[in-house]
Every structure is written in structure tokens, then in C-alpha cells.
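Here it is, the structure in full.
Worth saying up front: this structure is predicted, and the values here are computed from it rather than measured. As the structure lists them, so they are numbered: ligands from 1, and atoms in each ligand from 1. In what follows, every heavy atom counts, from backbone to side chain, and hydrogens, waters and symmetry copies are set aside.
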Amino acid sequence: MEMTPYQLANKTPLTLSPNFILPEDKRPNLSDVLPSDSIPIIDLNDHDIDDGQGPSPLVTKISQACEEYGFFQIINHGVPKELCQKVLAVVTEFFQLPPEERAQYLTKDHSKQVKVFNYYQKYDGIGKVTMWSETFSHPWHPTEDFTHLLPTNPPQYREVFAEYARAIGVLFDRLLSLISRGLGLDKDCLKRRIGEKPGLNTQANYYPACPDPELTMGMPDHNDLGSIAVLLQVEGVTGLQVIKDGKWLTVDPVPDAFVINLADQTQVLSNGKFKSVGHRAITNKLLPRLSLGMFYTPNNDTIIGPIEDLIDEENPPKYRKYSFKEYMEEFYKQEGKRRRVKEAFELQR
Ligand code: OGA
Ligand code: NI
């Protein structure tokens with residue numbers, strides 16, 4: 001069966017032309033990928049009484065997952081199922097709009113708040129290879145009205161996103177506090193250190209079906225930059241993979257769950273105790289896949305460095321202090337490559 005190729009916002013048809021094909025040594029090697037049984041699934045309704053007798057069972061599970069994987073899924077998280085379905089539906093509709101409608105959000109200016117773009121990598125001797133996906137990025141906020149920035153087509157986009165943002169704001173507060181307690185810190189500590197006026201942005205990633213997933217990548221191997229990410233993925237289509245001990249593991253969608261992953265600033269603030277782990281998305285032969293990531297990031301002026309309470313003689317600081325602006329400058333400097341941003345801030349010992 002011949003499929004009509006998806007048209008990117010710039011009207012390029014997504015076909016297996018050389019522009020989308022990875023050099024052989026960069027391909028996903030799907031036969032080497034392991035199933036995901038081991039990624040923790042954590043029930044947020046688990047016992048969580050702070051009785052002063054050490055961490056609750058819930059906090060212990062979270063902190064083990066953060067140390068070992070930097071990735072986990074959560075269930076019973078309090079965000080209504082219907083709301084998750086509605087937000088995935090409006091975002092899917094957005095990607096199904098005609099390309100000229102999505103094209104109004106194309107820009108080369110990475111400081112633009114609302115944008116459609118395509119991930120790519122640059123390889124020596126080959127040049128740019130574009131990933132098999134399209135991404136729509138814009139702000140979200142649990143309390144401020146940001147919806148005037150959002151599309152009016154599909155018509156429910158603004159309303160649904162505002163409701164989703166409120167619910168995810170509550171969830172972020174809860175997660176930041178659980179992760180803080182997992183570090184043995186005060187529950188407000190991480191949120192305070194990530195600072196005032198955090199950057200709140202979302203990325204919706206659409207991965208059209210690909211005739212040969214072995215030749216392409218939906219999103220290249222990367223680490224997230226901010227503090228933590230809350231990812232919602234459509235049920236029944238796999239694609240997300242994380243690296244553990246040098247092997248790729250799939251993170252299968254679990255019904256009514258969010259995937260939580262720690263991002264670089266949490267690794268630095270925890271002085272390396274909690275991990276920001278490399279991950280990527282592969283494409284799927286038969287079905288398109290959609291994921292929606294919500295990110296919480298320090299603003300440019302925030303000073304990040306290992307939290308002092310976690311430093312002592314046995315645990316000297318592993319990273320130097322920096323402003324988040326410096327971090328982003330390093331990020332942009334590594335454009336087109338597998339970025340190793342936090343490594344640039346490591347202290348040599
Ligand atoms: C991201 C991301 C993975 C996915 O948006 O940073 O890692 O499954 N997405 O789409
Ligand atoms: Ni990511």
C-alpha cells in the first residue's frame with residue numbers, strides 16, 4: 001500500500017530521499033534495542049506521609065528511579081484522562097492542518113516563542129540530515145494567560161491547552177517537591193533553586209509513519225536542558241528510547257501515564273546524584289506517533305550549581321557555577337552535533 005507522504009510545514013514531502021537518511025553508523029539499529037520492563041512505573045498514590053522518620057515509600061521510589069534511570073513513568077498523577085485525550089486530539093489536529101497553515105510558525109529565529117521546526121543533525125562529509133518529524137513549540141503557563149499566542153485553528157486549541165497547563169502546573173509542583181525530598185532537601189528547595197520566572201515551554205512532536213524506520217530517526221539522541229520534563233505520548237505507538245549502561249531501552253506507552261525525565265539542571269543541582277539521561281525517538285512503520293513534552297527551565301539570569309547542602313568532603317562539587325545564559329550559549333555552540341553541554345561545566349579533579 002502506497003501512502004501519501006506527510007508534507008512538512010515548508011511543503012517538503014517526508015520521503016526516504018537522501019536528506020532524511022542517516023549515515024550507516026548513526027542508524028537506530030533496532031534489533032539491539034531492549035524492551036523496557038525495567039523502567040520504573042510509580043503510583044503517585046503510594047504511601048507518602050512525612051512522619052519525620054526518613055523518606056516515605058513514595059519518595060524512596062522516586063529517588064531510586066532518579067538515581068538509577070533518570071526516567072520513570074507515573075500513574076494516578078491527578079491529571080484527568082479526558083483532558084490528556086483532549087490535548088492530544090487538538091495537537092494531532094494541528095499537525096493535520098494543511099502545510100501552509102502550519103508554515104506561519106516557521107522561523108529561523110530560535111528566540112521566537114511560538115515556532116514550528118524540524119530537528120536535524122550535521123555529519124562530516126554528508127551535511128545536514130533532517131529528522132523524520134515536525135515539532136511545534138510554544139509557551140505554557142499554569143496561571144498567566146498565554147493563550148493569545150496560540151493557534152486559533154483548531155478552534156479548541158487555546159481553551160484545551162489552558163486547562164492542560166493548569167493541571168500540569170500542579171503536577172510540576174508536586175514532582176519538584178518529591179524530587180527535592182528525594183535528595184534529602186526541603187520540599188521547596190529545587191523549585192527555589194530553579195528560580196523565579198522559570199521558562200515554561202512545550203514541544204509537541206509529530207512523527208509520521210516511516211516506510212523504513214531503520215534508516216531514519218524521529219528525534220536524535222539528546223539530553224533535555226531544563227529541570228524536569230513531563231511527557232505525554234499517544235497510546236499504542238512506541239518510539240521513545242532511553243540509554244542505560246550503553247544500551248537503548250524502549251519506553252512503551254503505559255495507559256494514563258506520563259513519562260518523567262530529569263533534565264540537565266537537576267543533574268547539576270543534585271551534584272550528579274540524579275541523572276539527566278540521553279534519549280531519542282525512532283519512527284514507526286505503520287502509525288504516526290505524537291508526543292507532548294512540557295518543560296520547566298530556569299531563566300537566563302538564574303545561577304545554577306550543585307546545592308551546597310549536598311556538598312561535603314566526601315562529595316566535592318562536580319560542576320562549576322554558571323548562569324543559565326552561559327549554559328544556553330554552550331548549547332547553541334554545539335548546534336547540529338550530539339550535544340555534550342553539561343560536560344563543559346564539569347570541574348576537573
Ligand atoms: C523531547 C523528547 C521524546 C518523544 O521532546 O525532548 O525527548 O518521545 N521527546 O517524542
Ligand atoms: Ni527530550
> Do Leu22 and Leu215 have side-chain heavy atoms sitting under 4.5 Å apart?
Replying inline: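 Sidechains of Leu215 and Leu22: no contact.
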> Under 6.0 Å from the CD atom of Glu343, do we count more than 12 heavy atoms belonging to anything else shown?
Replying inline: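 Atom CD in Glu343 is packed in, count exceeds 12.
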> Does Arg339 make a cation-pi contact with Phe331, if we ask for NZ or CZ under 6.0 Å from the ring centre and within 45° of the axis?
Replying inline: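 Checked: cation-pi criterion met.
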> Quick one: are the ring centres of Phe172 and Trp140 less than 6.0 Å apart?
Replying inline: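 Yes, the ring of Phe172 comes within the 6.0 Å limit of the ring of Trp140, centre to centre.
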> Which angle, to the nearest 10 degrees, do you find at the Ni ion (ligand 2) between NE2 in His222 and NE2 in His279?
Replying inline: 90°
>> Can you see whether Tyr120 has Lys128 sitting over its ring - NZ or CZ less than 6.0 Å from the centre and within 45° of the normal?
In response: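 Yes, a cation-pi geometry.
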> Taking just the N, O or S atoms of Asp224, which one is nearest to the Ni ion (ligand 2)?
Replying inline: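 Nearest to the Ni ion (ligand 2) within Asp224's N, O and S set: OD1.
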> Salt bridge check: are Glu326 and Arg320 linked by an N-O gap of less than 4.0 Å?
Replying inline: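 Yes, charged N to carboxylate O under 4.0 Å.
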> Phe117 versus Gln203: any side-chain heavy-atom pair under 4.5 Å?
Replying inline: yes
>> Heavy-atom contacts with ligand 1 below 4.0 Å: which residues, ordered by chain and residue number?
In response: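 Within the 4.0 Å shell of ligand 1, which is judged on heavy atoms, sit Asn205, Tyr207, Met219, His222, Asp224, Leu231, Leu240, His279, Arg289, Ser291, Phe295.
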